[in-house]
Amino acid sequence: MRIVDVNEFYSPTGGGVRSYLDRKMAIMADLGHELIVIAPGKENRVEERAGGGKIIYVEAPRLPFDHNYGIFWDAEPIVSLLDEFDPDVVECSSPWRPAWIVAGWKGRAVKAFFMHNDNVESYPKRWFGTVASPERIERAFAWYSRYMGRFLEQFDTVVSNGPALVKRMAERGVRVDAAVDLGIERQHFSPSLRSETLRRALLAQCDLPEDGHLLLGVGRHHREKRWDMVIDAVERAGAHMPVGLVLIGHGVQTKALERQVAGSPHIRLFKPVYDRARMAQIMASCDAYIHGCDTETFGLVVSEALASGAPLIVPEEGGAFEVSRPHFAETFAANDARSCADAIERLFSRDQAMLRRAAAVAARTVVSDRDHAIALVEHYAKEIAARSALAA
């Protein structure tokens, strides 16, 4: 099967989309399929991959507020490439110009819209959440759902990256045909990597003894991640029990978070850890993983933590919630520090050995990126077969 992904979010300088597609390309090649990505670039060029597949950069304008990314506008070069490669499936995930270019292409391929994000949750609800209720914001941006419906009706299949998006889109009347859960590089993560020596060292960094409770948070420092709320919650819980937080990441909010924790002896901010083996050991060695973001559509980092055997503390909405289960997690009201603090206290009041055993059992069920690729190909194969049956 040849799949061409017209992807406006792929950047040569990094990001989650690049990591996902680079890994997916290698797995597809191993499975005997070919993935070709058409991405906006500063110039026209082709990047061949040793294991199979390629990135084709099409010269395109830069995004005004982030020059790492480009925006497609001219349809002709994209249509020409689709004609040249004649794919079995053409994927698209941008709801803007690329969606209309792919929808209007006259080729034989199954047209698939892969839905990775929820723009209403990520932007309007975050921007206006302090001045309007979620229901009012939903009503004000109902035009966006109607807009999506107009181009989605021209796609053969609409796929989401997990159940959180299916639920949100259903509430808005937006079509989603299938949920194909994203996966992680599961081979890196395991509860067996737990190190009591490392745990004691991290607790000492938080000025806590061995019988303290060690929380871990991982992610970029951006307002939508709600780390300021998580810090507030940890400080509240810390008034009743010995709780420390190690927060790994960096971003536009780093300076503000540093100021917030300046007087907190039990909270430490560390720079990103890029060594996968080291990160996996840290995840396995914490007492629980805590997550603040309620707008993400799939909890990749949360899944990595669970695959490491870490119990979870997550909001009651979004992709992280879909990963959690009561026997190894506690949940809290989204963006509510008091509710989050209560969840921390509840989790550490439970039988810790039993909690970790439950998380270790659940670790074996976490979907791998290979599982994801296989399930996606199977879905596309069914769509191709259905189209062939109609044409017969």
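Quick note: numbers below take in every heavy atom, side chains included, and nothing from hydrogens, waters or symmetry partners.
- A donor-acceptor pair shorter than 3.5 Å can be found between the side chains of Asn161 and Thr297.
- With sequence neighbours excluded, the residues that form a salt bridge (Lys or Arg N to Asp or Glu O under 4.0 Å) with Glu48 are Lys54.
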For residues 229-237, which side-chain donor-acceptor pairs fall under 3.5 Å, sequence neighbours excluded?
from   : atom 1 : to     : atom 2 : distance (Å)
Asp232 : OD1    : Arg236 : NE     : 3.2
Glu235 : OE2    : Ser264 : OG     : 2.2

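- For the pair Arg45 and Glu47, the salt-bridge criterion is met [side-chain N within less than 4.0 Å of a carboxylate O].
- A donor-acceptor pair shorter than 3.5 Å cannot be found between the side chains of His116 and Ser93.
- A cation-pi geometry, defined here as NZ or CZ lying under 6.0 Å from the six-membered ring centre and within 45° of its normal, does not hold between Lys125 and Tyr144.
- Shown are Leu245, Val246, Leu257; of these, the side-chain contact (heavy atoms from CB on, under 4.5 Å) with Ile267 is made only by Leu245.
- Annotation: His250 is not in aromatic contact with Phe270 [ring centroid separation under 6.0 Å not met].
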Salt bridge (Lys or Arg N to Asp or Glu O under 4.0 Å) assessment of Arg126 paired with Asp294: CA-CA 10 Å; Arg126 179 161 53 85; Asp294 57 295; over 6 Å; no
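- Donor-acceptor pairing under 3.5 Å is lacking for the side chains of Thr295 and Glu121.
- Residue Phe348 is tested with Glu345, Arg350, Gln352, Arg346 for a side-chain contact (heavy atoms from CB on, under 4.5 Å); the sole match is Gln352.
- Judged by distance alone, the side chain of Asp88 and the main-chain N or O of Arg2 form a donor-acceptor pair under 3.5 Å.
- Under the 3.5 Å distance criterion, with hydrogens and angles disregarded, no donor-acceptor pair is assigned to the side chains of His188 and Glu304.
- Checking Asp83 against Ser80 by side-chain atom types alone, no donor-acceptor pair falls below 3.5 Å.
- For the residue pair Tyr57/Asn44, the side-chain donor-acceptor check at 3.5 Å is not satisfied.
- Scanning for side-chain contact (heavy atoms from CB on, under 4.5 Å) contacts around Thr157 gives Val110, Ala112, Val159, Asp177, His379, Tyr380, Glu383, with sequence neighbours left out.
- With ring centers used as reference points, Phe151 lies 6.0 Å or more from Trp96.
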